[in-house]
2 protein chains.
Amino acid sequence: MANIQEVARKAGVSSATVSRVLNNTTAVSSTTRIKVEKAIEELKYAPSMLGRNLRNSESRLLLVLIHTFSNPYYTEIINGIEDYSIANGYNILLCETDSNASRETTFLNMVKNKLADGMISMNPTVDLEKLTGLAEKHPIILCSDYYETMEIPYVAIDNEAAAYKAVKHLIKLGHEKIAFINFDERILYARQRRKGYERALNEFNIPIQDQWIYNSQGLEFHNGVQAMRKFLQLEEKPTAVFAVSDTLAIGALKETNERGLNVPDDMAVVGFDNISFSNMTNPTLTTVSQPMYNMGYKAAEMLIDSIKGQPVESVIMDYELVMRESTIN
Amino acid sequence: MANIQEVARKAGVSSATVSRVLNNTTAVSSTTRIKVEKAIEELKYAPSMLGRNLRNSESRLLLVLIHTFSNPYYTEIINGIEDYSIANGYNILLCETDSNASRETTFLNMVKNKLADGMISMNPTVDLEKLTGLAEKHPIILCSDYYETMEIPYVAIDNEAAAYKAVKHLIKLGHEKIAFINFDERILYARQRRKGYERALNEFNIPIQDQWIYNSQGLEFHNGVQAMRKFLQLEEKPTAVFAVSDTLAIGALKETNERGLNVPDDMAVVGFDNISFSNMTNPTLTTVSQPMYNMGYKAAEMLIDSIKGQPVESVIMDYELVMRESTIN
DNA sequence: ATTATATTTGTAAACGATTTCATGAAAATT
DNA sequence: AATTTTCATGAAATCGTTTACAAATATAAT
């Protein structure tokens, strides 16, 4: 594979000149430009990003850290990240940790080692100490999941208020036995959404019952199925359930249907995220809509600004309660 | 940020020695090793991938080209790609073309420019000429979508046989009015699956009717909804439908439910892929199961072998018809 | 004690671009 | 015509590694 020197030789100019026509930084006379372009063409030369990256001390790569792909929530966010990044000359290095600590370390080292110019993390189970250390030297933005104790900029929604709104919706429909499928409460949004859930119940003087709170190990469909199975085995069954993720809610919905119960009459279901599938279930799912695409887009914007040395501020985005058939006939 | 020279100076050795302890290639005496490790620690040194990559003329990055994330089919494949890649010291550069030709060109150039050591393409609407040219000089593997006329190695299933089997399943159930929701037939698998559809009908002397064949522009849920809407407007409605993607099938299923028709009694539905959702619909979806994860895993294996200079052969993987409630009570 | 061999280490040249600085040629000004 | 200014180009340094080769040191064999 030809390099810039060979092109220069063939065109009878210096490599500096070739570089100049490549990046058209400084003026180059049209005669030499043509000579160079001809040489490039003939040698089928393509400049090496490896050389360029080293010289420029940048990779123009953004590391995107997620726990798993299997939740469409993340893929929507990634869409937003990618659109902004590409439009601004960056590309995405997608990294899935799968809750694997050593993988996580590998990925964090990639930004430490300058393979990526910065990182957007949506990964909850991160090695916090390492993350803080990294954030001191490298641009990092947190998306959707963040840490109150750190000053790493983030983009998220007001989870507490959103959960409150969802649960209040159920209460307004007359429900009093409202179950809650939460995720691991080591994660901030799980704690925040629980607060919202409890605040709504408290406000209407509905006692909080531990048996109606399920802390799921994962966000897969089957976790939702399992949660609902547990609720339906109880002596005193709930009449509604609020899940912190559409995937969980859909699993719960499935299990409810399976048992021959009617949704929403026997069991109302509310999810969280508004993934595209939530509109395809039968019945369709009432859910808290997060602006996934925009969150990703904004996070990318913040990251690239940060790489360029501009200061960035955390952003709280709007959410919306989308009412569908799983709560209302 | 400290570089290898500074570490060398601090440890009182040469940069070559530092490099050696970093990569433990050659033996280094334990006393100097300790000195070096101490210096690394003190300077919080992290080797730059940029320098390393240039020197080694490799990026250890694999470009994965897809049309869109929004189909879970691809994310499952990517899971497989990522697992194999990471286990073998490579990382994934995820690139979504969104049917945008200029984006596609940008991405292909990334491998031409050595930003990636190779590419796995699952992108159907590729600039074929450019792709062939690229494949002459760079390792490329096609996954799920391939081209008969090129000798670029691929991993796929026998689409014709799989479609045949799916349609035959419907015929065996007594259906004769079987509609077909296909994708753009410029894509090989769409042509292959259509062949399978037609072969099954022919074999049972069922005439092929154009009005029951719908060529969708996309693979989103709403495309499936639209297709079914069209079928249900016909004078002579089908009693079964076979869609080339679960997303389309799920959309079709949704629309059928919406109209108050019973699945499978009034309308049987068969999908393709076996994405995880397909088991969460109501009723659950009969579908052709593709080994997505394994396909991705294998493709990554082939690509990395190819990067290492080993010859690779195309692979045809097994599929399976998963019978669920959307065709059988 | 001397030589032969094995083990560590250092020197310096890559890898392939970009860019500062200097220089020569051309154009503009006097 | 002489001087200044602008423009186009090249030489060489630089980014941060790795590694072939040479040199120095330690160990083993005589």
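Throughout, protein chains are lettered first and strands after them, A, B, ... in sequence-line order, and every chain is numbered starting at 1.
Taking 4.0 angstrom as the limit, B:Ser48 places none of its side-chain polar atoms (N or O) nearer than this to OP1 or OP2 of D:dG16. Within the structure, a side-chain polar atom (N or O) of A:Arg52 is placed less than 4.0 Å from OP1 or OP2 of C:dT18.
Taking the side chain of B:Asn56 as heavy atoms from C-beta on, and the options C:dT11, D:dT18, D:dG10, the nearest nucleotide is D:dT18. Closest to the A:Ser57 side chain, of the nucleotides D:dC15, C:dT18, D:dT19, is D:dC15. Here the nucleotide nearest the side chain of A:Ala16, chosen from D:dT18, D:dA12, D:dC15, is D:dA12.
Side-chain atoms of A:Arg60 do not come within 3.5 Å of backbone N or O of A:Asn91 as any donor-acceptor pair. Under a 3.5 Å cut-off, the side chain of A:Thr97 and the backbone N or O of A:Asn100 do not form any donor-acceptor pair.
Rounded to whole Å, atom C1' of D:dA12 lies 11 Å from atom CD of A:Gln5. Across the protein-nucleic acid pair, A:Arg55 atom CZ and D:dA12 atom C1' stand 11 Å apart, rounded to whole Å. Taking atom CG of A:Asn113 as the reference point, atom C1' of D:dG16 lies 12 Å away to the nearest angstrom. Taking atom CD1 of residue B:Ile4 and atom C1' of nucleotide C:dA12, one finds them 14 Å apart after rounding to whole Å. B:Arg9 places its CZ atom 12 Å from the P atom of D:dG16, with the value rounded to the nearest Å. The interatomic distance linking A:Leu54 (CG) with C:dG16 (P) rounds to 12 Å, in whole Å. Nucleotide C:dA17 holds its P atom 14 Å from the CG atom of B:Asn53, rounded to whole Å. Between B:Asn3 atom CG and D:dT18 atom P the separation is 12 Å, expressed in whole Å.
Considering only residues two or more places apart in sequence or on other chains, B:Tyr73 meets the ring-ring contact (aromatic ring centres under 6.0 Å, His included) condition with none of them.
At the heavy-atom level, B:Ala46 lies under 4.0 Å from the strands shown only through sugar-phosphate atoms.
Remark: A:Ser19, A:Asn23 in residues 17-32 of chain A come within less than 4.0 Å of DNA chain C through at least one heavy atom.
In this structure, A:Ile4 CD1 and A:Ile40 CD1 are separated by 8.0 Å, a value rounded to the nearest 0.5 Å.
Between the side chains of B:Asp83 and B:Tyr293, at least one donor-acceptor pair of N or O atoms lies under 3.5 Å. With no hydrogens or angles considered, no side-chain donor-acceptor pair links B:Asn23 and B:Thr25 at under 3.5 Å.
Taking the six-membered ring where the residue is Trp, A:Tyr84 and A:Tyr297 present perpendicular rings, their angle passing 60° and hence far from 30°.
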